[in-house]
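Hydrogens, waters and symmetry mates play no part in the numbers below; they use all other heavy atoms, side chains included. Whatever order the structure lists them in is the order used to number ligands and atoms, beginning at 1. None of the values given here were measured: they were computed from a predicted structure.
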Amino acid sequence: MQDSPLARVQAALREAGLGALWVSAPANVQYLTGFESPEDGRVLVTQDSATLYTDARYTLQAAQQSSVPQFIGRPPESLAHAAEQLARLSAPAAFEADALTVAALDILRESWPGELVPTQGLVSGLRLRKTPAEQENIRTAQKLADQVYAEVRPLIQPGTRELDISLEIELRLRRAGAAPAFETIVASGLRGALPHGTASDKVIQEGELVTVDMGAALAGYNSDMTRTVAVGEVSGELRRIYNAVLEAEQAAVRAVRPGLTGRDLDDVARQVLERHGLAGAFSHSLGHGIGLEVHEGPRLAAISDDPIEAGMVITIEPGVYLPELGGVRIEDLVLVTETGYEVLSQAPVERV
Ligand SMILES: CSCC[C@H](N)C(=O)N1CCC[C@H]1C(=O)N[C@@H](C)C(=O)O
């Protein structure tokens with residue numbers, strides 16, 4: 001309890017001179033309470049209490065899952081209940097500035113007494129380093145994704161539609177009790193130049209590269225991995241960009257260790273691609289943290305000072321996108337350890 005996420009948020013409130021925090025970011029609601037329908041939940045954390053607010057659709061579920069007491073009801077009753085707690089505080093209450101619409105803030109201001117101040121990162125900062133239990137959840141989600149990828153890999157052949165590959169992946173994830181972490185990306189041939197090219201009805205042809213970017217969501221935690229494979233013989237230029245991306249990816253993975261910043265790792269990959277004359281075609285960041293959300297801190301990007309620390313789970317995913325030719329992305333899921341890294345994604349990276 002002493003070191004639980006809730007206890008740490010309460011300690012942070014005391015340190016910041018805040019009386020309470022209204023938590024509305026779904027991942028933060030789940031992190032603090034264990035409630036697995038967090039889009040329909042909010043949490044009021046004070047220095048010595050916490051209440052989960054949700055509605056009657058979730059009475060039983062919230063009682064089974066939540067580690068904090070629940071108030072079942074909708075606004076205005078729920079906000080009036082929170083207002084009673086806030087009225088006892090002498091310090092201002094805070095809200096999550098990155099997880100509240102202007103309209104929702106107006107309603108809180110109309111419903112509650114006292115000052116309401118914006119905060120950022122109070123809870124999501126705690127989520128950056130994963131506990132051993134969280135690491136295990138992500139590892140299990142990735143193992144399932146590896147298994148599903150292996151089962152579906154034989155379908156990536158001439159004559160198959162991209163859509164049928166994504167459907168097969170998503171069906172197999174769901175059969176196993178998981179869900180897709182995000183809409184599966186299957187981008188073949190020229191569509192490979194779309195970094196977020198979700199599967200279309202395009203039919204895969206001989207001589208194309210096919211990029212599959214997939215993740216499993218299990219027990220609230222997500223995985224994320226990309227493989228690009230060749231269908232038959234591909235052109236020399238496609239082979240060249242594939243091997244350049246592979247070199248960049250492997251260099252960045254091998255560089256992972258605590259003490260660096262997100263920018264340092266992004267630089268490693270970008271420099272390799274620069275040597276191959278391809279840095280201009282790497283149009284996104286190197287990677288991101290992952291956990292209760294697919295995209296969370298730290299950012300691995302050219303503009304990121306985010307520190308890389310042991311316990312973080314990150315993706316390393318350089319890509320090259322050339323509209324006239326196609327694209328390549330290779331992505332691994334990596335746990336940052338005290339001494340370096342452990343690659344969690346085990347699906348084979350093929351030679352092209
Ligand atoms: C819609 S979730 C996509 C998951 C994927 N593995 C991923 O994170 N991608 C695909 C290419 C770029 C990268 C991404 O979206 N990165 C973000 C963080 C960025 O802003 O660069």
Side-chain angles (χ1 to χ4, degrees), residues 26-27 98 124 127-128 138 141-142 144-146 148-149 162 165-166 169-170 173 178-188 191-200 209-218 220-229 241-242 244-246 248-249 252-253 256 261-270 273 278-306 308 312-323 326-335 343-347 349:
D98 45 5
S124 51
R127 292 179 20 225
L128 292 170
I138 300 172
Q142 181 56 49
L144 174 62
D146 284 339
V148 167
Y149 177 78
E162 293 174 353
I165 294 166
S166 69
I169 289 172
E170 296 181 5
L173 288 173
F182 48 87
E183 195 174 344
T184 304
I185 292 169
V186 182
S188 62
R191 294 193 74 254
L194 302 168
H196 276 204
T198 50
S200 73
L209 288 178
V210 182
T211 298
V212 177
D213 186 341
M214 59 176 286
L218 195 59
Y221 283 83
N222 296 287
S223 74
D224 189 0
M225 169 188 76
T226 306
R227 294 292 181 258
T228 299
V229 299
I241 66 168
Y242 181 89
V245 172
L246 180 57
E249 202 264 347
V253 169
V256 172
T261 64
R263 176 193 294 114
D264 295 331
L265 290 175
D266 187 274
D267 268 0
V268 172
R270 229 165 272 278
L273 292 175
L278 292 168
F282 176 19
S283 51
H284 53 74
S285 57
L286 177 67
H288 51 87
I290 182 163
L292 286 167
E293 291 177 290
V294 174
H295 288 163
E296 54 183 49
R299 292 189 68 201
L300 278 60
I303 53 157
S304 171
D305 293 324
D306 292 353
I308 303 299
M312 291 177 164
V313 180
I314 58 175
T315 69
I316 299 288
E317 49 180 315
V320 161
Y321 310 97
L322 298 166
V328 174
R329 181 166 64 259
I330 301 169
E331 172 184 19
D332 278 305
L333 187 65
V334 177
L335 168 66
V343 178
L344 302 181
S345 40
Q346 294 293 313
V349 173

Using modelled atom types and a 3.5 Å cut-off, is there a donor and acceptor pairing between side-chain atoms of Asn222 and backbone atoms of Ala217?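 Side chain of Asn222 to backbone of Ala217, a donor-acceptor pair under 3.5 Å: no, none is there.
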For the pair Arg299 (side chain) and Arg263 (backbone), establish whether a donor and an acceptor sit closer than 3.5 Å, ignoring hydrogens and angles.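 No, Arg299 side chain to Arg263 backbone: no donor-acceptor pair under 3.5 Å.
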Is Glu183 touching ligand 1 with its side chain, its backbone, both, or neither, if touching means heavy atoms under 4.0 Å apart?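 For Glu183, there is no contact with ligand 1 at all, from either part.
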Using a heavy-atom cut-off of under 4.0 Å, does the side chain or the backbone of Arg299 touch ligand 1, or both, or neither?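 Under 4.0 Å from ligand 1, Arg299 contributes no heavy atoms.
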How about [X] and [Y]: does a side-chain donor come under 3.5 Å of a side-chain acceptor?
{"X": "Thr261", "Y": "Asp305", "result": "no"}
{"X": "Glu183", "Y": "His196", "result": "no"}
{"X": "Thr184", "Y": "Glu170", "result": "yes"}
{"X": "Ser200", "Y": "Glu162", "result": "yes"}

[X] heavy atoms, cut-off 4.0 Å: which ligand 1 atoms fall inside?
{"X": "Glu331", "result": "6 (N)"}
{"X": "Asp213", "result": "4 (C), 5 (C), 6 (N), 10 (C)"}
{"X": "Asp224", "result": "4 (C), 5 (C), 6 (N), 8 (O)"}
{"X": "His284", "result": "11 (C), 12 (C), 21 (O)"}

Are any of the N/O atoms in [X] less than 3.5 Å from those in ligand 1?
{"X": "Arg329", "result": "no"}
{"X": "His196", "result": "yes"}
{"X": "His288", "result": "yes"}
{"X": "His295", "result": "yes"}

Interatomic distance, Ile185 atom CD1 to Glu331 atom CD [nearest 0.5 angstrom]: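 Spacing of CD1 (Ile185) from CD (Glu331) equals 8.5 Å.
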What protein heavy atom sits nearest [atom], and how far away is it?
{"atom": "atom 9 (N) of ligand 1", "result": "Glu317 OE1, 3.2 Å"}
{"atom": "atom 2 (S) of ligand 1", "result": "Phe182 CG, 3.7 Å"}
{"atom": "atom 21 (O) of ligand 1", "result": "Ser285 OG, 2.7 Å"}

Show your working on ring-ring contact (aromatic ring centres under 6.0 Å, His included) between His295 and Phe182 and close with a plain yes or no. CA-CA 10 Å; His295 288 163; Phe182 48 87; 7.8 Å; no
For the student: nearest non-hydrogen atoms of Leu128 and Pro298, plus distance: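 Looks like CD2-N, 3.7 Å.
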Is there a heavy atom of Met225 sitting under 4.0 angstrom from any atom of ligand 1?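 The answer is no: ligand 1 sits nowhere under 4.0 Å from a heavy atom of Met225.
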